[in-house]
K.L.:
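I'd like to ask you about the structure that follows.
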Amino acid sequence: MKKKLIFASVILSFCFSSLFAKVSVQKDAKGWRMFDGDREVEIKGITWSNTPVVMDYNYSLWSMDDDFIYATIDTDMPLLKAMGVNVIRSFDDIPARWVEYIYDKYQIYTLINNLMGRYGVTVKGKWVFPTDYQSEDIRELLVEMARSMAEKYKDVRGVLFYMLGNESNYGLEWTSNEIENLPVGEQQKAKAEYLYSLFEEAMQAVHEEDPNHPVGIVNGDVQYIDLIAELCPSLDIFGSNVYRGWKFYDAFYEDVLTKLDKPAVFTECGADAFNALTQKEDQWAQLQYFKSQWEEVYREGYGKGRHQNILGGFLFEWIDEWWKVYQWKDLDVHNKSGNWANSGYSLDFKEGVNNMNEEWFGLCAVSTQTVRGVNKRVPRAVYYFFCDLWKHSLYKSSNADIDDFFENLPEPVYLARGNDGSVREDISQSQAIRIKSLDVSGQFTTPVFINYLRDDIKDRKKLSAIPT
């Protein structure tokens, strides 16, 4: 009984620490760090996708019954915690009770993200899309939404910080006579000025309501960073969704350092697990991109002697989402159609081919089979990579530590485990398959995969080396 009481006391102490502590970002001679009270927080985050197979873009976990919500959380959070995740990115529809449940049981924080009308907004009973950030009615409504978010979550255990928007700079599509009368080259900048001045009003409102949690914006890359510097003095953290391929490159950190002098966090980063040229799952390629990106993140972090202004990042994303190609149809089909093209992802880029496959960005594939109603998660190779990487401190690791880790990666083990999971899942889902020569225990699936890997490596020798 005494041991149980001691354990309960430790848990309660941990749970209540954030209720009274101020979350802050602080800069010293070695760079930027985040703190919850006096405890360092390195952002090892995930964009927590959880849409089941056959559900569309309207799905919300929080509209489901409690049993299913518990089943989903208790499926995902142990896997995430084992990987080293300490914060999930979620939108501001998540009820406070579930933020606290995730934090109290799994010690995983939540980033609360208000979309600020990114995909439309209802104003005076009328749906408006694209959002007109010039409209006084819409501006007033969105600022009040930001304030309400802070009021809702300011005393909630497990809230780490707030973010506003989601690549809103890519959604400046409204029209007005005032804008259209400007020279063509000035129209988008004028729209952006309305957007970032609105963000400033919203961030001020959040700070007034909740002075104990930082607030930032989710920008699309560094577009309009000069306007952000000019119009957003209340910004605490610069969040950016960045898809540049192999790396984020020095220019990203340099822009943030010299123009904002604020800490940065990658609110989305990653790579899909589908090869648009071979039309097959490609866990090897996904792993190569994540390795290259996160070696750079570690080298740019606190105390490494470079820009020292990155707090970490949110991997995009937890599980594959089968609705993203057609939105509301073919929801039981894992589509292979690419959504857009990006030459930065050179391993499957070809002119005229959409190589970014939105339904395949998960660190886990999903099965049509379910446990407690939740689609089974099938971790890919990159999941096992982060299980090892995130054992190392972003702030405290040295450049020598980083060298040693990346020079001694057991990459074939990650690939064997990820592909073993895929093989097992393919077999379990196909009742027509008859396995005669293959026992699907781990004893036999790994050698089968390694034979495949040897053939695959022969093909890959034709590819260019990873750019530095």
Side-chain angles (χ1 to χ4, degrees), residues 113-124 126-146 162-207 215-245 248-268 309 339-344 354 356:
N113 192 169
N114 182 295
L115 290 173
M116 293 291 288
R118 171 65 174 94
Y119 305 104
V121 61
T122 300
V123 185
K124 296 181 177 180
K126 181 181 178 181
W127 177 251
V128 177
F129 180 79
T131 300
D132 178 355
Y133 296 108
Q134 186 178 358
S135 162
E136 287 301 323
D137 286 339
I138 290 177
R139 293 174 71 89
E140 182 179 339
L141 173 65
L142 293 177
V143 170
E144 185 53 39
M145 286 170 59
Y162 303 110
M163 279 283 168
L164 304 178
N166 186 50
E167 303 175 350
S168 303
N169 50 305
Y170 297 158
L172 306 177
E173 302 298 335
W174 82 91
T175 59
S176 71
N177 290 333
E178 179 185 335
I179 296 292
E180 289 174 355
N181 286 332
L182 294 171
V184 173
E186 297 179 17
Q187 291 180 7
Q188 286 302 106
K189 181 183 177 184
K191 291 180 181 181
E193 289 173 345
Y194 282 109
L195 171 67
Y196 293 112
S197 64
L198 170 65
F199 277 147
E200 172 60 19
E201 292 178 31
M203 286 187 289
Q204 288 179 16
V206 171
H207 280 139
V215 61
I217 63 173
V218 177
N219 206 59
D221 212 294
V222 293
Q223 187 184 35
Y224 300 120
I225 195 167
D226 294 298
L227 281 181
I228 296 169
E230 175 188 348
L231 299 175
C232 297
S234 297
L235 180 81
D236 295 315
I237 302 169
F238 178 68
S240 186
N241 294 355
V242 183
Y243 294 96
R244 297 187 180 187
F248 311 108
Y249 300 99
D250 285 353
F252 175 89
Y253 308 96
E254 186 69 17
D255 279 344
V256 176
L257 177 66
T258 59
K259 297 179 180 181
L260 294 181
D261 193 23
K262 298 287 185 180
V265 62
F266 293 114
T267 37
E268 287 182 18
N309 58 353
N339 298 72
W340 50 291
N342 187 332
S343 61
N354 286 341
M356 304 299 284

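Along the sequence shown, the residues carry numbers beginning at 1.
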K.L.:
How many angstroms lie between CE in Met163 and CD1 in Ile237, if you round to the nearest 0.5 Å?
P.N.:
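Going from CE on Met163 over to CD1 on Ile237, the span is 5.0 Å.
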K.L.:
Taking it one step at a time, do Ser240 and Phe252 satisfy side chain to side chain contact (heavy atoms under 4.5 Å, CB included)?
P.N.:
CA-CA 10 Å; Ser240 186; Phe252 175 89; 3.8 Å; yes
K.L.:
Restricting to side-chain contact (heavy atoms from CB on, under 4.5 Å), what partner residues turn up for Asn354, sequence neighbours left out?
P.N.:
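Partners of Asn354 by the side-chain contact (heavy atoms from CB on, under 4.5 Å) criterion, ordered by chain and then number, come out as Ala341.
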K.L.:
Using 0.5 Å steps for rounding, measure from the CG atom of Asn309 to the OG1 atom of Thr258.
P.N.:
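Rounded to the nearest 0.5 Å, the CG-OG1 separation comes out at 9.5 Å.
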K.L.:
Check salt bridge (Lys or Arg N to Asp or Glu O under 4.0 Å) between Glu140 and all other residues, then give those that pass, not counting sequence neighbours.
P.N.:
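Testing Glu140 for salt bridge (Lys or Arg N to Asp or Glu O under 4.0 Å), a comparison that skips the adjacent residues, returns none.
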K.L.:
Going by the rule salt bridge (Lys or Arg N to Asp or Glu O under 4.0 Å), which residues pair with Glu268 if we only count those two or more places apart in sequence or in a different chain?
P.N.:
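Testing Glu268 for salt bridge (Lys or Arg N to Asp or Glu O under 4.0 Å), a comparison that skips the adjacent residues, returns Arg89.
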K.L.:
Taking all non-hydrogen atoms of both residues into account, name the closest pair between Gly239 and Thr267 and its distance.
P.N.:
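Closest pair (atom of Gly239, atom of Thr267, distance): C-OG1, 3.7 Å.
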K.L.:
Residues in salt bridge (Lys or Arg N to Asp or Glu O under 4.0 Å) with Glu144, at least two apart?
P.N.:
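Per chain and number, Glu144 pairs via salt bridge (Lys or Arg N to Asp or Glu O under 4.0 Å) with Arg147.
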K.L.:
Are any non-hydrogen side-chain atoms of Asn339 and Met356 less than 4.5 angstrom apart?
P.N.:
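No, side chains not in contact.
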K.L.:
Among Asp132, Val123, Val128, whose side chain to side chain contact (heavy atoms under 4.5 Å, CB included) with Asp137 holds?
P.N.:
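Running side chain to side chain contact (heavy atoms under 4.5 Å, CB included) over Asp132, Val123, Val128 with Asp137 returns exactly one hit, Val123.
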K.L.:
If you take all heavy atoms of Met203 and Cys232, which pair is closest and at what distance?
P.N.:
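Minimum heavy-atom contact is CE-CB, 3.8 Å.
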K.L.:
Which salt bridge (charged side-chain N to carboxylate O under 4.0 Å, His left out) pairs, counting each pair once, include a residue from residues 251-263, with sequence neighbours left out?
P.N.:
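Every salt bridge (charged side-chain N to carboxylate O under 4.0 Å, His left out) pair that includes a residue of residues 251-263, provided the two are not neighbours, is Lys27-Asp261, Asp226-Lys259, Asp255-Lys259.
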K.L.:
With a 4.5 Å cut-off on side-chain heavy atoms, are Val215 and Phe199 touching?
P.N.:
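Sidechains of Val215 and Phe199: no contact.
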K.L.:
Are Val143 and Gln204 packed together at the side-chain level, in the sense that at least one heavy-atom pair is separated by less than 4.5 angstrom?
P.N.:
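Contact flag for Val143/Gln204 side chains = no.
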K.L.:
For Phe248, enumerate each residue passing the ring-ring contact (aromatic ring centres under 6.0 Å, His included) test, keeping only those at least two apart in sequence or located in another chain.
P.N.:
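Phe248: ring-ring contact (aromatic ring centres under 6.0 Å, His included) contacts with Phe266.
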K.L.:
With rounding to the nearest 0.5 Å, note down the distance linking CG in Leu142 to CG in Leu195.
P.N.:
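Answer rounded to 0.5 Å: 10.0 Å.
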K.L.:
Under a 3.5 Å distance rule, please check whether Asn342 uses its side chain to pair with a backbone N or O of Gly344 as donor and acceptor.
P.N.:
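Present.
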K.L.:
How long is the span from the CG atom in Leu172 to the OH atom in Tyr224, to the nearest 0.5 Å?
P.N.:
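Nearest 0.5 Å value for the CG-OH distance: 5.5 Å.
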K.L.:
Among residues two or more places apart or on two chains, list those pairs meeting salt bridge (charged side-chain N to carboxylate O under 4.0 Å, His left out) that have a residue in residues 167-194.
P.N.:
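Sorted pair list comes back empty.
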K.L.:
Kindly write out the residues that satisfy salt bridge (Lys or Arg N to Asp or Glu O under 4.0 Å) with Arg139, not counting sequence neighbours, or none if the list is empty.
P.N.:
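With neighbours one apart ignored, the set is Glu201.
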K.L.:
Hey, could you give me each pair passing salt bridge (charged side-chain N to carboxylate O under 4.0 Å, His left out) that has a residue in residues 232-242? Not counting sequence neighbours.
P.N.:
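Those involving residues 232-242 do not exist here.
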K.L.:
Check whether Asn241 reaches the backbone of Asn219 with its side chain - one donor and one acceptor, N or O, closer than 3.5 Å.
P.N.:
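It does not hold such a pair.
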K.L.:
I'd like to check the side-chain hydrogen bond (donor to acceptor under 3.5 Å, both in side chains) partners of Tyr162; sequence neighbours left out, ordered by chain and number.
P.N.:
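Asp210.
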K.L.:
For Ser176, which residues count as a side-chain hydrogen bond (donor to acceptor under 3.5 Å, both in side chains) partner, sequence neighbours excluded?
P.N.:
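Ser176 satisfies side-chain hydrogen bond (donor to acceptor under 3.5 Å, both in side chains) with Gln134 only.
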K.L.:
If you measure from CD on Gln223 to CD1 on Ile228, what distance do you get to the nearest 0.5 Å?
P.N.:
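If we round to the nearest 0.5 Å, Gln223:CD and Ile228:CD1 are 9.0 Å apart.
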K.L.:
How many angstroms lie between atom OG of Ser168 and atom CZ of Arg118, to the nearest 0.5 angstrom?
P.N.:
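The OG atom of Ser168 sits 6.0 Å away from the CZ atom of Arg118.
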K.L.:
Return the set of residues passing side-chain contact (heavy atoms from CB on, under 4.5 Å) with Trp127 (not counting sequence neighbours), or none when no residue passes.
P.N.:
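With sequence neighbours excluded, Trp127 shows a side-chain contact (heavy atoms from CB on, under 4.5 Å) to Thr122, Phe129, given in chain and number order.
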K.L.:
Does Gly117 offer a backbone N or O that forms a donor-acceptor pair with the side chain of Thr131 under 3.5 Å?
P.N.:
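Judged by distance alone, yes, a pair lies under 3.5 Å.
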K.L.:
For a 4.5 angstrom cut-off between non-hydrogen side-chain atoms, does Leu164 reach Met116?
P.N.:
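Yes, close enough: below the 4.5 Å cut-off.
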